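For clarity, every value in this text was computed on a predicted model and none was experimentally measured. In what follows, chains are A, B, ... by sequence order, proteins preceding strands, each numbered from 1. Only this structure's heavy atoms are used, side chains among them; waters, hydrogens and symmetry mates stay out.
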Amino acid sequence: MHDIRFIRESPGAFDAGLKKRGLAPLSAELLEIDRLRRAAISGSEGLQAKRKALSQQIGIAKRKGEPADAAMAEVASLEEALKKGEADAARLDEQLTHRLEVLPNLPLDDVPEGADEHDNVEIRRHGNQRNFSFPPKDHVALGEATGEMDFASAVRISGSRFVFLKAHLARLERALAQFMLDLHTTEGGYTEVNPPLLVRDNAAYGVGQLPKFAEDMFHTDNGYWLVPTAEVPLTNLVNDTVLDEAALPLRFTAFTPCFRSEAGAAGKDTRGLIRLHQFPKVELVSVTTPEQSAAEHERMTGQAEEVLKRLGLPFRTIVLCGGDMGPASRKTYDIEVWLPGQNAYREISSCSNCGDYQARRMGARYRPKEGKGTRFLHTLNGSALAVGRTLVAVLENYQNEDGSVTVPEALRSYMGGLQSIPAPAAKK
RNA sequence: GGACAGGUGGCCGAGCGGUUUAAGGCACACGCUUGGAAAGCGUGCGUGGUGUAACAGCCACCGCGGGUUCGAAUCCCGCCCUGUCCGCCA
């Protein structure tokens with residue numbers, strides 16, 4: 001949600017931000033609605049003030065037992081104009097809100113120009129791609145060979161884009177999640193949270209999922225949304241609140257399943273664990289002052305990268321261009337992990353600084369130590385990491401020629417000391 | 001699912017047709033007091049909108065939406081939410 005006052009003061013900057021998003025300028029149009037809106041409000045308020053004054057006179061007169069017919073007649077004569085004025089003001093105000101609430105956040109100055117993912121800019125790489133002495137398999141081939149990654153059963157029971165993980169792979173997923181949570185809570189300073197997975201409209205609206213992305217979420221027939229990411233419940237922990245500055249920053253982490261209908265993704269990434277209707281993810285959410293958010297964004301991205309470093313997985317970090325960012329974000333880093341089976345870097349984390357965009361929608365404010373009143377908070381969210389895709393990366397990067405998979409050092413204590421996930425039994 | 005009770009500022013809480021301009025308290029800020037602190041005393045302090053160069057002023061907001069009325073936090077209707085008890089249930 002945008003602040004119309006900002007648009008009033010800096011229409012050029014607003015339009016420039018939209019342009020970076022690949023959108024046409026809108027400030028002139030919005031300001032015209034705003035002009036009409038304010039005129040309507042002024043007119044309406046003038047009449048309201050008149051009515052109020054007259055009503056007070058009537059009250060005083062009646063108290064004294066004097067007649068008040070003249071004043072009552074005058075109020076009655078205002079009736080029609082009052083109704084119209086209030087309706088006009090309400091209609092224009094609503095119109096402006098509807099226009100503003102569907103617009104994306106404005107990119108920060110250091111976000112690169114560009115239309116789509118081709119214009120994203122790589123900012124660093126870490127780790128070396130392994131030299132395989134054999135042709136590496138992809139995770140589906142590895143997982144299905146042992147029967148521990150079972151898509152066939154999932155299709156019968158739930159349909160496409162679901163999976164059963166079994167035995168070592170089920171445990172590996174659990175180990176990954178636990179490893180990540182431990183890292184974030186002990187070294188990262190995040191508070192572990194186990195949130196609800198069903199949320200109300202207002203929570204989905206608060207982070208910007210609604211009204212635009214209703215079709216990307218699952219909805220229950222009694223009105224709940226299944227969370228598409230733990231960002232939704234975690235960020236909404238501060239909705240409708242006024243925090244003390246001393247409490248900031250707040251840092252939350254959660255391991256949850258995420259549910260996405262993938263309505264617009266028919267035919268994309270149909271193979272394997274990459275794009276499912278239900279997938280596990282460890283999420284990070286920070287709530288900060290406006291002054292803290294840029295540094296917190298770097299810190300959060302570093303926290304996500306740390307997971308990959310400890311797992312020994314090669315990755316690169318890119319900054320998304322204006323045209324490729326999610327709507328709530330003002331700056332986003334994606335982290336892409338190297339997948340030998342696909343011979344490509346694939347997204348495994350996305351860390352966004354949302355500025356005050358979500359805070360405005362949620363009503364999330366704080367009281368500054370200095371100065372009066374309240375200010376909107378800044379919110380940030382990032383995956384650290386998408387656990388299913390991390391499992392893919394571990395399988396593909398740590399595979400051996402016989403189909404066994406070496407367990408990364410960092411995970412062994414979570415796997416009961418297991419050194420290696422066994423190769424599939426030889427065919428008889 | 002059934003019955004009952006409730007939703008008032010950052011928090012607690014009074015008000016239940018017109019001097020409410022939402023009392024009072026807590027918290028917070030500043031000052032006085034003090035060797036320093038606590039306590040005490042004093043002052044300030046809701047949110048949003050509109051308006052202004054900045055003040056001032058004005059309007060709205062007592063869960064949300066309607067209605068009654070010259071006038072609604074207060075009365076009426078609908079909805080949402082919370083709590084308690086009962087039922088069901090891992």
Self-check item: Under-4.0 Å side-chain N/O to phosphate OP1/OP2 contact, A:R38 with B:rG51
Solution: yes
Self-check item: Interatomic distance where CG belongs to A:L82 and P belongs to B:rG71 [whole Å]
Solution: 9 Å
Quiz prompt | Side chain proximity check, A:I421 to A:Y398, heavy atoms < 4.5 angstrom | solution = no
Practice problem: Side-chain contact test, heavy atoms from C-beta onward, threshold under 4.5 Å: evaluate it for A:M415 versus A:L172 and give yes or no. | Solution: yes
Self-check item: Whole angstrom value for the distance that separates P of B:rC58 from CD of A:Q56
Solution: 11 Å
Quiz item: So what does A:I58 touch, heavy atoms closer than 4.0 Å: a base, only the sugar-phosphate, or nothing?
Solution: base
Exercise. Starting at atom CD of A:Q48, determine the distance to atom P of B:rC59, rounded to an integer number of angstrom.
Key: 8 Å
Practice problem: Could you summarise the pairing of RNA chain B as dot-bracket text, marking Watson-Crick and G-U pairs under 3.5 Å with ( ) or [ ] inside the strand and | across strands? | Solution: ((((((((.[[[..)..(.....]]].(((((.......))))).(((((......))))).[[[[[..)....]]]]])))))))....
Exercise. Output yes when at least one side-chain N/O atom of A:R8 is less than 4.0 Å from OP1 or OP2 of B:rU50, else no.
Key: yes
Self-check item: Basic-acidic side-chain contact under 4.0 Å: A:E80, A:K84
Solution: no
Quiz prompt | Close side-chain approach of A:E283 to A:S383, heavy-atom, < 4.5 Å | solution = yes
Show me, pair by pair, the donor-acceptor contacts under 3.5 angstrom made by side chains of residues 10-33 of chain A, not counting sequence neighbours?
unit_1	atom_1	unit_2	atom_2	d
A:D15	OD1	A:L26	N	2.9
A:D15	OD1	A:S27	N	3.0
A:D15	OD2	A:S27	OG	2.6
A:K20	NZ	A:L108	O	3.1
A:K20	NZ	A:D109	O	3.1
A:K20	NZ	A:V111	O	2.6
A:R21	NE	A:N105	O	2.9
A:R21	NH1	A:M325	O	2.9
A:R21	NH1	A:G326	O	3.2
A:R21	NH2	A:N105	O	3.1
A:R21	NH2	A:G326	O	3.0
A:R21	NH2	A:P327	O	3.2
A:R21	NH2	A:S329	O	2.7
A:E29	OE2	A:R99	NH1	2.8
A:E29	OE2	A:R99	NH2	3.2
A:E32	OE1	A:R35	NE	3.1
A:E32	OE2	A:R35	NH2	2.9

Exercise. Report the residue from A:R251, A:H184, A:E298 that forms a side chain to side chain contact (heavy atoms under 4.5 Å, CB included) with A:Q303.
Key: A:H184
Quiz item: Which of the following nucleotides, B:rC81, B:rG71, B:rC59, is nearest to the side chain of A:A49?
Solution: B:rC59
Practice problem: May I ask you to evaluate whether A:K52 reaches the phosphate of B:rC58, defined as a side-chain N or O under 4.0 Å from OP1 or OP2? | Solution: no
Self-check item: Under-4.0 Å side-chain N/O to phosphate OP1/OP2 contact, A:R37 with B:rU50
Solution: yes
Quiz prompt | A:E187: partners by side chain to side chain contact (heavy atoms under 4.5 Å, CB included), with sequence neighbours left out | solution = A:L183, A:R310
Quiz item: Taking N and O atoms by type only, does the side chain of A:E45 place a donor or acceptor under 3.5 Å from a partner on the base of B:rG49?
Solution: yes
Quiz item: Roughly how many Å is it from CG in A:D240 to C1' in B:rG7, rounded to a whole number?
Solution: 13 Å
Quiz item: Think A:R5 has a side-chain N or O under 4.0 angstrom from the OP1 or OP2 of B:rG49?
Solution: yes
